[in-house]
Amino acid sequence: MAKSTGSKAAPAKGAQLDDIGPSRKKLTITIDGDTVTEQIERSMATMVDSAALPGFRPGRVPRRLIEKRFGKAVRDEAKNQLVSSAYSEAIQSHKLNVLGEPEGADELATLDLEPGKSVTFSVEVEVAPEFEIPDFAGIKVKKPAVEVTDEMVNEQIERLSVNEGSLEPQEKAALGDYCIGHGVMKDTKGEVLLDLPGAVVQIPPKDKNGRGAILGIMIDDFGKQIGLPKANDVVTVKAKGPENHEKPDVRGKDVVITYTVERVERIVPASTDQLVQRYGMADDKALRESLMLRLNQRAMIEQQSAMRQQVAKHLLDSVEVPLPEKLTSKQTERTLARRRMELLYRGVDQRDVEEQMAELRAASATTAQRELKLFFILAKAADKLNVRVTEEEVNGRIAQMAMERGVRPDQLRTELMRSNQVGNVIQQVREHKAMDAILSKAEISDISAADYNTMVDKTEGLGKVSAPAKG
């Protein structure tokens, strides 16, 4: 939807509002003919004042020449001004809390304004649902004691060894190896749904029992279907599109993925000496001390996340929110973006992030509904608690995530800006601050990590925390 550039437009004739489902509205807006004429005249007057053609000074070009040369452009500009102004006025008059950009209005692309002729167009908007937020005081929350042990440091060294390892080309794939190639997903009619060069696929390692992901879809018998390919092999994989996929034309569809293997690579873990050198440490002891410090910082985040999860579960269980039966593509994208940002915040390895994203797409509709419901609840809770996010807080969050990923903060910020993800960072900080404000009013009691994980086994919606291995 074009934004108004500030020129004054007469109000729209009217805007009819219709419910088309929970959190969805349809606006049918009519702009009367007189308003259309006035806006065309204003746009033409602006063009007359500024247009320059060979042989004429700016502002001296005859109007008939301007209409002949720029008439279509003038009417398109007038249309953009009218639509933007009428849409903004309709949102204000109906007091709609709109989320994201409007959809529809496809008929406007081919519409050519005519003086004196009214214009009618429709858009669909997602709005925040109406519901009541209960009192936050007195929520009972368990605070797990997350301890960092030498065994955890050893595990972190093993992970770093893989992350910092070298790639060794292989003639043929083995379990756990990675294939890099070109993946094309089609429906049963042959229509291309996704075309992804440079797609990375892992042959499921033994502990995955053949379960793996390709092009963001989790497949139970993936190992059986892909086999142990060689470079230049073309593999065909059949799957069912997950119901919670962000692309509506993939949802629930039988899809066929053609994967052309370009190369096969195996990760050769880096040695401890190589890690010491790569991270600029004096020796193995300094590396372990550095990792212990990082893990202790991560433990604090894990502990806080565990308490926030309990707040989230309480809100989900106690607040009724009217939601659509099926999530739109934008709602699904938002849900996936929220989960991805949360995983990055908690320091989850990038490979594991992508696997968990595939798992989320494959999750039940109930899980996706709860994620969307939580988004709406936390947004309203943040409003009620008057939560504000500062630029310093956003920069601090980006710096923290950059440290976890081993990149410079400015590099991560550039990456987030390029992918339009900075808004998700702001939203995450706002949600966390809202939950922390609720936690400040909660009844918090301490619990061991082992006992907390036992509780999690019996409670849906909570994740386990790191606990010392039993001897």
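By the 4.0 Å N-to-carboxylate-O rule, Glu359 lies too far from Arg339 to be salt-bridged with it. Under 4.0 Å is where a charged nitrogen must lie from a carboxylate oxygen, and between Asp249 and Lys253 no such pair does. Salt bridge status for Asp254 with Lys240: present, with a side-chain N to carboxylate O gap under 4.0 Å. Salt bridge annotation for Asp410-Arg408: present, with a cationic side-chain nitrogen under 4.0 angstrom from a carboxylate oxygen. Electrostatic pairing of Lys208 and Glu355 counts as a salt bridge here, judged by a charged N lying under 4.0 Å from a carboxylate O. Using a cutoff of 4.0 Å between basic side-chain nitrogens and carboxylate oxygens, Glu443 and Lys140 are scored as salt-bridged. In this structure, Glu460 does not pair ionically with Lys313, as no charged nitrogen and carboxylate oxygen lie closer than 4.0 Å.
Inter-residue side-chain proximity for Ile203 and Pro229 is flagged as met; some heavy-atom pair is nearer than 4.5 Å. Inter-residue side-chain proximity for Leu27 and Leu17 is flagged as met; some heavy-atom pair is nearer than 4.5 Å. Contact check for Tyr259 versus Gln225: no side-chain heavy atoms found under the 4.5 Å cut-off. Between Asn424 and Arg338 the shortest side-chain heavy-atom distance does not fall below 4.5 Å. Residues Glu302 and Ser305 fail the side-chain proximity criterion, which asks for heavy atoms closer than 4.5 Å. Residues Asn97 and Val127 fail the side-chain proximity criterion, which asks for heavy atoms closer than 4.5 Å. Looking at heavy atoms from C-beta onward, Leu416 lies in side-chain contact with Ile398 at the 4.5 angstrom threshold. Here the side chains of Glu342 and Gln356 are not in contact, with every heavy-atom distance at 4.5 Å or above.
The line from CD1 of Ile20 to CD of Glu124 is 3.5 Å long, rounded to the nearest 0.5 Å. Between atom CD1 of residue Ile257 and atom CD1 of residue Ile217 there is a gap of 5.0 Å, rounded to the nearest 0.5 Å. Rounded to the nearest 0.5 angstrom, Gln156 CD and Leu287 CG are separated by 9.5 Å. Rounded to the nearest 0.5 Å, atoms CG (Leu315) and NZ (Lys373) are 9.5 Å apart. Gln309 CD to His314 NE2: the interatomic distance, rounded to the nearest 0.5 Å, is 16.0 Å. Between the OG1 atom of Thr258 and the NE2 atom of His182 there is a distance of 10.0 Å, given to the nearest 0.5 Å.
For the residue pair Glu77 / Gln81, a side-chain donor-acceptor distance below 3.5 Å is found, with atom types taken as modelled.
Listed here is the closest heavy atom pair of Pro144 and Ala306: CG-CB, 3.8 Å. When all heavy atoms of Gly183 and Leu215 are compared, the pair lying nearest together is C-CD1, 4.0 Å. For the pair Ala90 and Ala15, the tightest heavy-atom approach, listed with the atom from each and the gap, is CB-CB, 3.6 Å. A pairwise comparison of heavy atoms in Ile267 and Gly165 identifies CG2-CA, 4.3 Å as the closest pair.
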### Message
Walk me through whether Arg298 and Val148 qualify under side-chain contact (heavy atoms from CB on, under 4.5 Å).
### Response
CA-CA 9 Å; Arg298 190 178 294 175; Val148 178; over 6 Å; no
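Remark: Gln277 CD is loosely packed, at most 12 non-hydrogen atoms of other residues, nucleotides or ligands lying under 6.0 Å away. Residue Lys186 places its NZ atom among 12 or fewer non-hydrogen atoms of other residues, nucleotides or ligands, all under 6.0 Å distant. Within a 6.0 Å sphere centred on CZ of Arg211, other residues, nucleotides and ligands contribute more than 12 heavy atoms.
By the 6.0 Å and 45° rule, Lys384 stacks over the aromatic ring of Phe136.
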